[in-house]
Amino acid sequence: MLRRRLAVVVSLALASPLAVVISPARAACPSDEAVAALAAKVTAREPAESYGPGLTVADGLCAQEKLVAKLKPALGEVVGYKAGLTNEAVQKRFGVPHPVRGTLLAKMILKDGASVPAAFGAAPLFESDLIMTVKDSGIHGAKGHVEILKHLDAVVPFLELPDLVLQKGAHMDGGVLTAINVGARLGVVGTPVPVRATQDFADRLAKMTVVLTDDTGREIAKSPGAAILGHPLDAVAWLVADLGRAGITLKAGDMLSLGSFSPLSPPAAGRTVTARYEGLTDKPVEVKATFQ
């Protein structure tokens, strides 16, 4: 039952690098009052009403920009970006033929081993993810996996803790998901793994296995690195291109959250979850979070 609900309401797993770009100037952007009402619900961790059908991704980006501006006083400045809807089946469910982009703020990012309330949002979930940090803005001109790696600094284990914000049964599509900032709420980062700009390192990223478990030893999910757009670096390429089209230039230290290796799962109080990355380095690396 829960799985069916999550499948209907949302999935943030990543997918195809193809994108259709609609000019924000032509978007029917939600009103300042509507966005302010949503922001108040987000802050209060209360379920919000949907903007409803008919919102394009461009509409959603306009609403997202307003929402992020209202969240900045409490959550800090922009520290990076995330990709969502990077699975073709999920894209069809949400009515968009491409991924969508969200924005990460400073206080969303927590350290390894963080303890957070199980009810950290209105519709809280968790998933295994991956972050790469930018080395320099030259990434905007990089072509091919090894060339992209030259402009990245580190690979960071990442447990994303998204919040889908909306009331149960509320309308959710690609435009609405974009408008709620692709569910960005919290995330826990592990120890960074320095990037090596080699074909071997690129191959390791695709071939690694990401295992999500809880403290009872139960395996929640297991996926290859290639589960994200066929290769994590292809997700980097999609985000870089999408940001470039929006006139946003990445800088050193920016975080790029690349998408989900696992189904979205609801947190349970008293449980600890661990994302373990096998094969990326000679020894597995991992990141943990505990739900209160």
Does the side chain of Ser257 come under 3.5 Å of the side chain of Asp129 through a donor N or O and an acceptor N or O? yes
dist Thr178:OG1 -> Glu65:CD (nearest 0.5 Å) comes out at 13.5 Å
Check the hydrophobic clustering (I, L, V, M, F, W, Y; side-chain heavy atoms under 4.5 Å; chains of links allowed) and say if Ile220 and Val211 are grouped together. no
Least distance between heavy atoms, Ala197 atom then Leu149 atom: CA-CB, 3.8 Å
Nearest 0.5 Å, what's the CG-CE distance between Asp254 and Met132? 15.0 Å
Are Leu110 and Val116 close enough, and set up right, to give a side chain to side chain contact (heavy atoms under 4.5 Å, CB included), and what steps lead you there? CA-CA 9 Å; Leu110 308 175; Val116 300; 3.4 Å; yes
Atom of Val182, atom of Gly84 and distance for their closest heavy-atom approach: CG1-CA, 4.0 Å
I'd like to know whether Ser115 forms a side-chain hydrogen bond (donor to acceptor under 3.5 Å, both in side chains) with Thr290, so could you lay out the CA-CA distance, the side-chain angles of the two residues, the decisive distance to 0.1 Å, and finally the verdict. CA-CA 5 Å; Ser115 183; Thr290 296; 5.4 Å; no
Does the side chain of Arg276 reach to within under 4.5 Å of the side chain of Val210, using non-hydrogen atoms? no
Could you go through the side chain to side chain contact (heavy atoms under 4.5 Å, CB included) check for Val236 and Leu239 one step at a time? CA-CA 5 Å; Val236 172; Leu239 267 173; 6.0 Å; no
With sequence neighbours excluded, residues passing salt bridge (Lys or Arg N to Asp or Glu O under 4.0 Å) with Asp214: Arg218
Going through the checks in order, is the side chain to side chain contact (heavy atoms under 4.5 Å, CB included) test met by Arg45 and Arg185? CA-CA 10 Å; Arg45 297 188 293 183; Arg185 183 74 187 219; 3.1 Å; yes
Salt bridge (charged side-chain N to carboxylate O under 4.0 Å, His left out) pairs touching residues 133-143, sequence neighbours excluded, are none
Heavy-atom nearest pair, Leu264 first then Glu127, reads CD2-OE1, 3.2 Å
Is the shortest side-chain heavy-atom distance between Leu161 and Leu125 below 4.5 Å? no
Under 4.5 Å between any side-chain heavy atoms of Thr209 and Pro224, yes or no? no
Flag, side chain of Asp112 to backbone of Val287, donor-acceptor distance under 3.5 Å: no
So, does Arg245 use its side chain to make a donor-acceptor pair with the main chain of Val240 at under 3.5 Å? no
Does any non-hydrogen side-chain atom of Val57 lie less than 4.5 Å from one of Phe94? no
Is Lys222 atom NZ crowded by more than 12 heavy atoms from other residues, nucleotides or ligands, each under 6.0 Å away? no
How about Leu233 and Leu152: do any of their side-chain heavy atoms sit closer than 4.5 Å? yes
Any non-hydrogen side-chain atom of Asp242 less than 4.5 Å from a side-chain atom of Tyr81? no
Short side-chain donor-acceptor distance under 3.5 Å, Thr103 and Gln64: yes
By salt bridge (Lys or Arg N to Asp or Glu O under 4.0 Å) - contacts of Lys66 (at least two apart): Asp32
Within the 4.5 Å heavy-atom criterion, are Val285 and Pro157 side-chain neighbours or not? yes
Could I get the full list of salt bridge (Lys or Arg N to Asp or Glu O under 4.0 Å) partners for Asp200, not counting sequence neighbours? Arg196, Arg204
Nearest 0.5 Å, please: how far is CG in Leu130 from CG in Leu256? 10.5 Å
With a 3.5 Å distance limit and no angle check, can you tell me whether Asp163 reaches the backbone of Ala123 through a side-chain donor-acceptor pair? yes
Pairwise distance CG(Asp234) to CD1(Ile148) - rounded to 0.5 angstrom: 7.0 Å
Are Glu49 and Lys41 within salt-bridge range, i.e. N to O under 4.0 Å? no
Are Pro30 and Leu55 close enough that some pair of their side-chain heavy atoms sits under 4.5 Å apart? yes
Please state whether the rings of Phe261 and Tyr277 are parallel, tilted or perpendicular, taking 30° and 60° as the class boundaries. perpendicular
Quick check for you: to the nearest 0.5 Å, what is the distance between Thr133 atom OG1 and Asp153 atom CG? 4.5 Å
Give me each pair satisfying ring pair (Phe, Tyr, Trp, His ring centres under 6.0 Å) with a member in residues 140-159, each pair once, sequence neighbours excluded. His145-His231
Quick one: list whatever passes salt bridge (Lys or Arg N to Asp or Glu O under 4.0 Å) with Arg271, sequence neighbours left out. Asp215
Identified side-chain contact (heavy atoms from CB on, under 4.5 Å) counterpart of Val78 within the set Leu105, Leu104, Ile248: Leu105
Val195 and Val146: same hydrophobic cluster, using ILVMFWY side-chain contacts below 4.5 Å? no
Tell me if a side-chain donor or acceptor on Ser50 pairs with a main-chain N or O of His171 at a distance below 3.5 Å. yes
Checking Val273 against Lys288 for the side chain to side chain contact (heavy atoms under 4.5 Å, CB included) test, could you report, in this order, the C-alpha distance in whole Å, the side-chain angles of both residues, the deciding distance, and whether it holds? CA-CA 6 Å; Val273 294; Lys288 297 186 179 191; over 6 Å; no
Minimal non-hydrogen separation, Ala74 against Lys107, with atom names: O-CD, 3.2 Å
d(Leu212 CG, Glu219 CD) to nearest 0.5 Å is 9.0 Å
On a heavy-atom basis, which atom in Gly225 and which in Pro232 lie closest, and how many Å separate them? O-CD, 3.4 Å
I need the minimum non-hydrogen distance between Ser262 and Ser128, along with the two atoms involved. OG-N, 3.0 Å
